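Below: one structure, written as structure tokens.
Everything quoted here is computed from the prediction, not taken from an experiment. Along the sequence shown, the residues carry numbers beginning at 1.
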Amino acid sequence: MAINLVIFALKIAKITPELMIATGVWAARQARDGRGYRQEVALRYYARFVLTNDLLPLLHKAKDLGEPASVLTLIGVGMGPEVIIDNLGLKKNYGGWKAIWQSICYNLLMVSEFARREPNIAFTHIYPGNVDTGMLVFTNPLARFFMFLLCPFIWLITVTPEECAQWLLFALFDAEGGLNRRSNKGDDIGMKNFPETKDAQKAVWEHSMQATTVDTPVK
């Protein structure tokens with residue numbers, strides 16, 4: 001797994017990260033890893049969990065040296081539904097949209113649990129909003145024509161990558177130890193739309209430990 005190589009390289013080089021930003025990518029909907037988990041969920045959630053958990057010792061070191069220690073994860077904070085407790089990992093009844101929304105929910109609970117366990121480290125969950133990253137660029141002449149007509153509307157509902165980066169950096173550096181939940185403009189949204197399913201946070205944490213084969217006792 002590529003994420004393990006990143007972690008290994010940082011540890012071998014004895015690099016002490018002060019700030020860590022986790023994002024997600026897309027994968028083929030039907031692809032599975034060796035344990036039966038969909039790669040889409042693995043990339044949107046499990047990779048973030050492994051990266052954060054395995055680099056905690058280095059964040060502790062940064063804190064001990066008097067440096068800021070902060071983690072920021074980008075995904076739809078304040079948007080997720082309730083977690084499906086009896087189908088964690090979505091090994092059954094899988095659906096593309098279900099994977100998107102449940103991985104958001106997993107991230108909500110993950111960030112909250114890390115913040116509970118590590119109150120001296122800032123954990124920030126932020127929604128980046130609609131960003132014009134250039135993905136809607138087509139070579140087909142007809143598609144390009146329709147995109148040209150839609151450009152004014154797209155400009156109204158999106159921000160540039162540079163604008164988004166400014167809000168993300170503000171949220172990252174403005175965060176205090178513990179849980180921070182921010183909108184796409186860096187504003188504190190409190191516990192808006194936080195999952196309320198009983199024991200969901202503990203269930204997702206225990207499942208994540210098992211799914212990523214991290215041998216750490218549950219606190």
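With a 4.5 Å cut-off on side-chain heavy atoms, Thr124 and Leu172 do not count as touching. Looking at Thr52 and Val50, their side chains never come closer than 4.5 Å, going by heavy atoms from C-beta outward. Annotation: side chain of Met209 is in contact with side chain of Asn53 (closest heavy-atom distance under 4.5 Å). Side-chain contact between Leu59 and Glu118 is absent, with no heavy atoms from C-beta onward closer than 4.5 Å. A heavy-atom distance below 4.5 Å is not found between the side chains of Asp188 and Asn180. By the 4.5 Å heavy-atom criterion applied to side chains, Met191 and Leu179 are counted as neighbours. Side-chain contact check for Leu56 versus Phe114: some heavy-atom pair is nearer than 4.5 Å.
Put simply, the side chain of Arg48 gets close to the backbone of Leu74: a donor and an acceptor are under 3.5 Å apart. In this structure, the side chain of Glu82 engages the main chain of Glu196 through a donor-acceptor pair within 3.5 Å. Judged purely by atom type and a 3.5 angstrom limit, Tyr106 uses its side chain to pair as donor or acceptor with the backbone of Gly89. The backbone N or O of Ala99 lies less than 3.5 Å from a partner atom in the side chain of Ser103, making a donor-acceptor pair.
The distance between the ring centers of Phe49 and Trp205 falls below 6.0 angstrom.
Across Asn107 and His125, no two heavy atoms sit closer than the pair C-CE1, 3.8 Å. Here the closest heavy-atom approach between residue Ile85 and residue Ala200 is recorded as CD1-CA, 3.7 Å. Nearest heavy atom pair, residue Arg182 against residue Gly186, reads NH1-O, 2.8 Å. When all heavy atoms of Thr197 and Val83 are compared, the closest pair comes out as OG1-O, 3.9 Å.
Put simply, Phe123 and Trp167 are part of two different groups of oily side chains (I, L, V, M, F, W, Y) that touch within less than 4.5 Å, one to the next.
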